[in-house]
Amino acid sequence: MSLLVVGLSHRSAPVSILERAALSPDAQVKLLQDTLAAEPATEGAVLATCNRIELYADVDKFHAGVAELSTLLAQHSGVGLEELTPHLYVHYEDRAVHHLFSVACGLDSMVVGEGQILGQIKDALATAQELHTAGRLLNDLFQQALRVGKRAHSETGIDRAGQSLVTFGLEQLSAGRAVEAWAKGKKALVIGAGSMSSLAAATLARVGVGEIVIANRTPDRAERLAEILNGGDDTDVLARAVPMASVPVELTRADIAVSCTGATGIVLTAETVAASVEGRTGTPAALRETSAGPAGHLAPAGAEDACPLDLSAVQGATGFSVMGEAAVAGMDAATLEQHAAWVDKGTGTVERRDSRRTPDEDAEADADLITALAATVATVGRIPERRRPEPVVEAPRPAPVLALLDLAMPRDIDAAVHRLLGVRLVDLETLAGASADAPMAADVDQVRRIVSDEVAAFGAAQRAAHITPTVVALRAMAADVVANEIARLDGRMPDLDDKQRGEITQTVRRVVDKLLHAPTVRVKQLAAEPGGAGYADALRTLFDLDPETVAAVSRAENNTENAKNRGRA
């Protein structure tokens, strides 16, 4: 059996696909159950976070496993297989181990070094154990991933390379200001009371907001979170819980709103946010202009600003068009290229050809244009001057009165809110773009070395463990041989007393143990090395071991190990 992971994350898929593929807790349970029902898989675990969905399985066939796991992800995510496949990644055996260990250390997170992923890995393991879909391989893998992640955070400065998604989001909202200075005394609204929302509330309290309002569909959870915040010794924040129906009203009072619910639809529409801004400022929230101007408005025809030609020199040329294509005698290539580039930007006067004219008439008009421009150059005696474009001055925009942070997958806040004046929205797509430019700390290289060492150690341990049932079966067979020979000796020499029989039995056992010691120790060492998986097969063949006996030993060890792991989780 071999480890296989099939998944997608913010690195492989756009946020729009991740939103549609997001799995609810019930969908994750059904996915695990169907994974175990599939023929290639004997173990399964799902790691689903706000920016990744990964299905881990122990499979006996690589290609069949990839096909089956991809199909299951498509079925349970609701995204068609054809659309989903280009965004999926596949890791197998050691590469799969390396991937999970990297994820556990925060190297694959949207914000490098964040520690929330450790809790999510622990939850994924607990769910798989509760559903009995995690066997020895996945139990060992996820337990070791947790240890590797903790080691990375304790032995390196990876925490300095990044922070939690909440803190990173608040940094983006503060737009360069210190988060504590920007947030101090503000009123915050937190929508949701799950783990991410709780972290958001705690972070807001820590950075100094004056009030936090918690809204959740289950009032008890919101009230419990508010009590925890009010009881904190390290903050003076005032927290209270409200029903979800109060969100529009609370939004008119809030300076900051963080939303992270498990809803499958939009929680805050653009209309709701616009109404809250209007309720706060007394004026409607207008839409931002696009780069082309409001409502796609284009520059009016006839605008000749920044034309690289000296228009005063050619104004008398009949039929001249600054957008016309012409070969002007005496004009250098650089001028023509600059004029062509200016024309391509669509900033000059547009004189469309009359579609009713014949090709001959078009050619005649072109000839007249070329003649007029050539005459202008001859008269002026120089190349028309090129004018530098004037710098574009953007209209000032009002400072945002409402800052929104959407950490949900799928999104809670309508993306159209980005266009509302007076509102700043940071969502996972925004964070992905911002984190792509974040500098990598030197500590990241140290963590990568830790991951590589741990992957090698895990592989060696797994290969060594793979041969253990065969060694146990071999020793059990040797013990049976000793027992049978002692019984036969009793039949041939019935006069032996207990002391004599004990001495003979002990001597035979010592001989067998010494004969088996060196080969079994050496075969474990060899099996732990890369490519050592074949030593178990060789041992079974050399000693003619019953495969069913080996399998029975393996099952017994797995049951014992799984019971221990369930107790630790």
Side-chain angles (χ1 to χ4, degrees), residues 166 169-170 173-174 179 182-232 235-288 398-408 410-427:
V166 175
L170 293 177
L173 285 175
S174 66
V179 173
W182 170 78
K184 187 174 179 59
K186 282 184 166 60
K187 297 177 181 178
L189 170 65
V190 175
I191 305 175
S195 58
M196 183 67 80
S197 298
S198 299
L199 176 62
T203 304
L204 288 167
R206 177 174 52 80
V207 298
V209 298
E211 180 185 5
I212 299 177
V213 178
I214 313 294
N216 192 57
R217 297 189 187 280
T218 307
D220 291 347
R221 298 187 67 177
E223 291 170 1
R224 193 180 312 120
L225 179 55
E227 289 176 3
I228 293 172
L229 293 172
N230 285 324
T235 64
D236 297 324
V237 69
L238 173 64
R240 57 188 175 89
V242 299
M244 285 293 287
S246 301
V247 165
V249 174
E250 296 295 339
L251 207 57
T252 63
R253 303 177 61 253
D255 303 297
I256 308 168
V258 180
S259 187
C260 187
T261 72
T264 56
I266 295 297
V267 175
L268 289 181
T269 64
E271 290 77 10
T272 300
V273 176
S276 71
V277 173
E278 184 175 354
R280 186 183 181 94
T281 63
T283 57
L287 292 177
R288 286 192 178 96
V401 298
L402 178 60
L404 300 176
L405 178 58
D406 185 359
L407 299 175
R411 70 176 71 238
D412 278 348
I413 303 175
D414 191 346
V417 171
H418 279 294
R419 299 185 61 213
L420 292 176
L421 286 171
V423 181
R424 177 164 173 76
L425 169 61
V426 169
D427 51 23

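Hydrogens, waters and symmetry mates are skipped; everything else that's a heavy atom, side chains included, is used.
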Which pair of non-hydrogen atoms, one from [X] and one from [Y], has the smallest distance, and what is that distance?
X      : Y      : result
Ile256 : Ala183 : CD1-CB, 4.4 Å
Leu251 : Ala257 : CD1-CB, 3.9 Å
Ala201 : Ile212 : O-CD1, 3.3 Å
Ala263 : Pro410 : O-CG, 3.9 Å
Ala241 : Ala226 : N-CB, 4.1 Å

Which pairs, with at least one residue in [range] and sequence neighbours excluded, count as a salt bridge (Lys or Arg N to Asp or Glu O under 4.0 Å)?
range            : answer
residues 189-205 : none
residues 212-224 : none
residues 190-209 : none

Residues that [X] engages under side chain to side chain donor-acceptor pair (under 3.5 Å), provided they are two or more places apart:
X      : result
Asp255 : Arg280
Ser197 : none
Arg240 : Glu211, Glu250
Asp406 : none

Checklist line | side-chain contact (heavy atoms from CB on, under 4.5 Å) between Lys187 and Val213, worked out | finding: CA-CA 8 Å; Lys187 297 177 181 178; Val213 178; over 6 Å; no
I'd like to check [X] versus [Y] (side-chain heavy atoms, cut-off strictly below 4.5 Å). Are they in contact?
X      : Y      : value
His418 : Asp427 : yes
Leu229 : Ile214 : yes
Leu238 : Asn230 : yes
Asp412 : Leu268 : no

Rounded distance (nearest 0.5 Å) linking atom [atom1] of [X] with atom [atom2] of [Y]:
X      : Y      : atom1 : atom2 : result
Ile413 : Leu405 : CD1   : CG    : 7.5 Å
Ile191 : Leu407 : CD1   : CG    : 11.5 Å
Thr218 : Met244 : OG1   : CE    : 10.0 Å
Asp414 : Leu404 : CG    : CG    : 11.0 Å

Residues 270-277 side chain polar contacts: donor-acceptor under 3.5 Å, at least two apart:
unit_1	atom_1	unit_2	atom_2	d
Thr272	OG1	Thr269	OG1	2.9
Ser276	OG	Val273	O	2.6

Item checked: Residues in side chain to side chain contact (heavy atoms under 4.5 Å, CB included) contact with Ser198, at least two apart in sequence or another chain -> Leu225
Item checked: Those residues that, when tested against Ala254, pass side chain to side chain contact (heavy atoms under 4.5 Å, CB included) (two or more places apart) -> Leu189
Checklist line | Qualifying residue, where the test is side chain to side chain contact (heavy atoms under 4.5 Å, CB included) with Thr203 and the options are Val190, Leu170, Val258 | finding: Leu170
Margin query: Checking Val247 against Val267 for the side-chain contact (heavy atoms from CB on, under 4.5 Å) test, could you report, in this order, the C-alpha distance in whole Å, the side-chain angles of both residues, the deciding distance, and whether it holds?
Written below: CA-CA 10 Å; Val247 165; Val267 175; 5.9 Å; no
